[in-house]
Amino acid sequence: MKIDKFIFKKPYLIAGPCSAESEGQLLKTAHLIKDIVDVFRAGIWKPRTKPNTFEGVGEKGLQWLQKIKKETGLKIATEIATPQHVEKCLKAEIDMLWIGARTTVNPFYVQEIAEALKGVRIPVFVKNPIHPELGLWLGALERLNKVGIKKLAAIHRGFFSYEDAAFRNDPKWELPIKLREQLPHIPIICDPSHIAGDSEMIEEVSQTAMDLNLNGLMIETHHKPNEALSDAKQQITPNKLHKIIGNLVLRKTKTDDDFFNIKLNEFRENIDVLDRKIVSILSDRKKIVEEIAHFKQANKITIFQLERWFEILKYRKKDAFDFAMDEKMIAEIFELIHKYSILTQTKIMRNTNAEKVENKRNG
Ligand code: PEP
Ligand code: MN
């Protein structure tokens, strides 16, 4: 993918309200944050989960954004979801566009938007799809790049989850990291507002994003969050934005300090030894699983046994407690181990069955 760099500082900061509500609201907010932000954001067309909620002010908001640009000198960005939105934004000289999480999920929409952006040179940001599917996120970036958009960035805004969680959208930090592995040159902006869903947790999520070396932040900011027409709970005041940005600790990725580097290498060598031990133990475990498979096969017993799985889970959670480990983490690891144990057993049974059929056929 051919990418042009357009983000030169960390954290690159995009802030502004969830929705444009009035010219006054945009102006007040923009003037209070213009000293620290790189781009001013505001949604004009709002994708709301339910009808009969505020769905954005529409086209007239574009003129308000133009006014912000003129008065503050800030770059302005908004969300587009259709080719018509693109056309209107280009006419209004919006500087940057983003594709929302509800649009990234659909390759038809993304392709239509990409066609409308053919030959356009402005930066485009792509939010991750609502559900954790890396392919769709990568696919959307590729579709835009294919029509010639070279100033591209990804926005990590977390993922919908049915599980009870502290966050509105589960961050699943491993996904932006995987995206970085696949597309190392694409900047990744974290959107702590949509991850946290709560103004009290924006700071914590922003710090984690910086610690994971993401490039920037998109933070919903409103001069009166309590009166916001959308996402009121997660918007912060301009004052709080200044505080959060001021408190961020920006850690370096590398240092020339020899003492630090030698010590870090020692730690890493210890980790490598332990990791090798874990793999060796998993290999011993797999051998027993294979024996069990043959044994079950000979005795005509099914592979998956629910009670045994519950028992494993119960004992491993107790082990987790005894070793002061996070129960959820241990449970997740064993779910994966158990999944592969079942796959190993199915493979053995399939092979032995096939062998039997073959032997029968041969006489
Ligand atoms: C937004 O940025 O206001 C928005 C609607 O975001 P998302 O697409 O991440 O839900
Ligand atoms: Mn929002």
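Atoms within each ligand, like the ligands themselves, are counted from 1 in listed order.
Looking at Lys172 and Asp170, a side-chain N of the basic residue comes within less than 4.0 Å of a carboxylate O on the acidic one, giving a salt bridge. The residues Asp211 and Arg251 are annotated as salt-bridged, a charged nitrogen and a carboxylate oxygen being separated by less than 4.0 angstrom. Between Lys88 and Glu59 there is a salt bridge, with a side-chain nitrogen of the basic residue lying less than 4.0 Å from a carboxylate oxygen of the acidic one. Electrostatic pairing of Arg276 and Asp272 does not count as a salt bridge here, judged by no charged N lying under 4.0 Å from a carboxylate O. A salt bridge is defined here as a Lys NZ or Arg NE, NH1 or NH2 lying under 4.0 Å from an Asp or Glu carboxylate O, and Arg168 with Asp198 fails to meet this definition.
For the pair SG of Cys18 and NE2 of His194, the angle whose vertex sits at the Mn ion (ligand 2) is 170° to 10 degrees.
Counting heavy atoms under 4.0 Å from ligand 1, residue Met218 does not touch it at all.
Restricting Asp231 to its N, O or S atoms, the one at the least distance from the Mn ion (ligand 2) is OD2. The nearest N/O/S atom of Glu220 to the Mn ion (ligand 2) is OE2.
The protein heavy-atom contact nearest to atom 5 (C) of ligand 1 is Glu79 OE1, 3.6 Å. With respect to atom 8 (O) of ligand 1, the closest heavy atom belonging to the protein is Ala101 N, 2.8 Å. Remark: minimum distance from atom 4 (C) of ligand 1 to any protein heavy atom is reached at His194 NE2, 3.5 Å.
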**Message:** With side-chain hydrogen bond (donor to acceptor under 3.5 Å, both in side chains) as the criterion, how do Thr82 and Gln84 come out once you've worked through the C-alpha distance, each side chain's angles and the decisive distance to 0.1 Å?
**Reply:** CA-CA 5 Å; Thr82 68; Gln84 293 75 26; 3.3 Å; yes

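Of the candidates Lys46, Arg157, Lys127, Glu220, Lys127 brings a heavy atom nearest to atom 6 (O) of ligand 1.
Taking a cut-off of under 4.0 Å to the non-hydrogen atoms of Trp98, the atoms of ligand 1 that pass are 2 (O). Atoms of ligand 1 lying under 4.0 Å from at least one heavy atom of Gly100, given by number and element, are 8 (O). Residue contact check: Cys18 has heavy atoms under 4.0 Å from atoms 3 (O) of ligand 1.
The aromatic rings of Trp45 and His85 lie parallel to each other, with less than 30° between the two planes, well short of the 60° mark. Note: Tyr12 and Phe6 have perpendicular aromatic rings, judged against thresholds of 30 and 60 degrees for the angle between ring planes.
Not a single heavy atom of Gly43 sits under 4.0 Å from any atom of ligand 1.
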